Protein chains: 2
Amino acid sequence: MATAGTRDRILDTTAEFFRHNGYNGTGLKQIVAEANAPFGSIYHFFPGGKEQLGREVISRSGLLYQELLTGIIDSAPDMVSGIGDCFAGAAVVLVETDYADACPIETVALEVASTNEPLREATAAVFDSWIAAATERIAEVVPDQARARQVAISVIALLEGAFVLSRSLRSVEPLEAAGATAVAALREAIGPERAQRGRHGSG
Amino acid sequence: MATAGTRDRILDTTAEFFRHNGYNGTGLKQIVAEANAPFGSIYHFFPGGKEQLGREVISRSGLLYQELLTGIIDSAPDMVSGIGDCFAGAAVVLVETDYADACPIETVALEVASTNEPLREATAAVFDSWIAAATERIAEVVPDQARARQVAISVIALLEGAFVLSRSLRSVEPLEAAGATAVAALREAIGPERAQRGRHGSG
DNA sequence: GTCTATACTTTGATAGAC
DNA sequence: GTCTATCAAAGTATAGAC
């Protein structure tokens, strides 16, 4: 049981460094130092080295973040306010972490997009999953599947783009503006006659 | 005159590497090799080393990209189609460069946001300038200044977020979806009674 | 399985000849 | 101002004791 703890500690620590410093900005020595693990443990648990560790962290972080966001949406009274809550919640976390914790894989995704194909595929799998999950939920209130997917992608793009701007500017204004636009886009897709009963899950 | 060429070659090469490999993924030796410049030239022209070179590349790339986008908008018959042209043009460039050339400073902005304050400020200055320029133009068709700024930030966020998704997924679908949402957001801000005469610059 | 020591490469940076 | 040689540090990865 002690071994499982070491592996998880390495994964958690790496995920945190990836969020703050990116993939190229994170060293393996840095990881084991912070995780209180011996250096050899990295290659014991991840024989593929930094790349394998990166793949697992990307998949894991992507899944965790998806569960976080879908949890927020499912806790909201309706889809529109759920989307708004996601942006508002992200703004709170951003301020609480001094503009460090935003999307767990965005920085890595851009770093590896043109330089490391296996890692690019790992980030693509995460984004695909997010888009599918968001489309599924939005489709509950936007019957047109193509339209639902377009809105889902736009909401995610607004969130990711706002993260870049907010972290760089050290201001939540982009997150607030993007959140308002996301809510408006979803409202428009739902349509005026359906907006009043935008609850999800109940036919 | 030969010296000025070397400095510019270093700046151009660095900008290209930053777009594709990011800040941490770009080595100084890599730069001088590609730019056909002696290694010492970097510290001759940029005594502050990699950080100073990074600052100048960020400012320069930010200004060039702003001029590119405003040029597209000013060439369009109206603001709405101009915004649409920006996303469509970005999609063409992305495909032509095999999903490598998107925003010239986005990757670097995320990498340095929590790790290098001078470089973060350089990226913030660029985003501030983009937001100001976009707000100014959108304000020509959206009288409410606060609303114009909100739309401007959202359009930039949509573009940046779509870049992340499109590069990772190697598909222009996110860019197309975000473009459609950006156009719709601008149309809604202009309002139904003004949409037919959305031309800019003429009172 | 755990942990340490080390090899090898690349990094940013500097010194000094020309 | 151009160019080369070199430094110290950090990077990933491996070998081997325990």
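All values reported here derive from a predicted model rather than from experimental measurement. Numbered from 1 within each chain, the chains take letters A, B, ... in sequence-line order.
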By side chain to side chain contact (heavy atoms under 4.5 Å, CB included), which residues pair with [X], not counting sequence neighbours?
X        : answer
B/Val126 : B/Ile58, B/Ile105, B/Trp130
B/Ala180 : A/Gln150
B/Ser171 : B/Leu169, B/Glu173, B/Pro174

Quick one: [X] [atom1] to [N] [atom2], roughly how many Å, whole number?
X       : N      : atom1 : atom2 : answer
A/Leu53 : D/dG11 : CG    : P     : 14 Å
B/His44 : C/dT14 : NE2   : C1'   : 15 Å
A/Ile31 : D/dA10 : CD1   : P     : 16 Å
B/Ile10 : D/dT2  : CD1   : C1'   : 11 Å
A/Ile42 : C/dT6  : CD1   : P     : 20 Å
A/Glu51 : D/dT12 : CD    : P     : 13 Å

Nucleotide N/O to protein N/O under 3.5 Å, stretch nucleotides 8-12 of chain C:
| residue | atom | partner | partner atom | Å |
| --- | --- | --- | --- | --- |
| C/dG12 | OP1 | B/Thr26 | O | 3.2 |
| C/dG12 | OP1 | B/Lys50 | NZ | 2.8 |
| C/dG12 | OP2 | B/Leu28 | N | 2.6 |
| C/dG12 | O6 | B/Lys29 | NZ | 3.4 |

Donor-acceptor contacts, no H, no angles, side chain residues 111-121 of chain B, under 3.5 Å, sequence neighbours left out:
| residue | atom | partner | partner atom | Å |
| --- | --- | --- | --- | --- |
| B/Glu111 | OE1 | B/Tyr23 | N | 2.6 |
| B/Glu111 | OE2 | B/Asn24 | N | 3.1 |
| B/Glu111 | OE2 | B/Asn24 | ND2 | 3.4 |
| B/Ser114 | OG | A/Arg167 | NH2 | 2.7 |
| B/Thr115 | OG1 | B/Glu111 | O | 2.9 |
| B/Asn116 | OD1 | B/Leu119 | N | 3.2 |
| B/Asn116 | ND2 | B/Glu51 | OE1 | 3.3 |
| B/Glu117 | OE1 | B/Arg120 | NE | 3.0 |
| B/Glu117 | OE2 | B/Arg120 | NE | 3.2 |
| B/Glu117 | OE2 | B/Arg120 | NH2 | 2.7 |
| B/Arg120 | NH1 | A/Ser168 | O | 2.6 |

> For B/Glu34, which residues count as a salt bridge (Lys or Arg N to Asp or Glu O under 4.0 Å) partner, sequence neighbours excluded?
Replying inline: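 Applying salt bridge (Lys or Arg N to Asp or Glu O under 4.0 Å) to B/Glu34 gives none.
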> Is A/Glu56 salt-bridged to A/Arg7, going by a charged N under 4.0 Å from an acidic O?
Replying inline: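 A/Arg7 and A/Glu56: salt-bridged.
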> Reckon B/Gly49 touches a base, only the sugar-phosphate, or nothing at all at heavy-atom distances under 4.0 Å?
Replying inline: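 Sugar-phosphate, backbone atoms only, no base.
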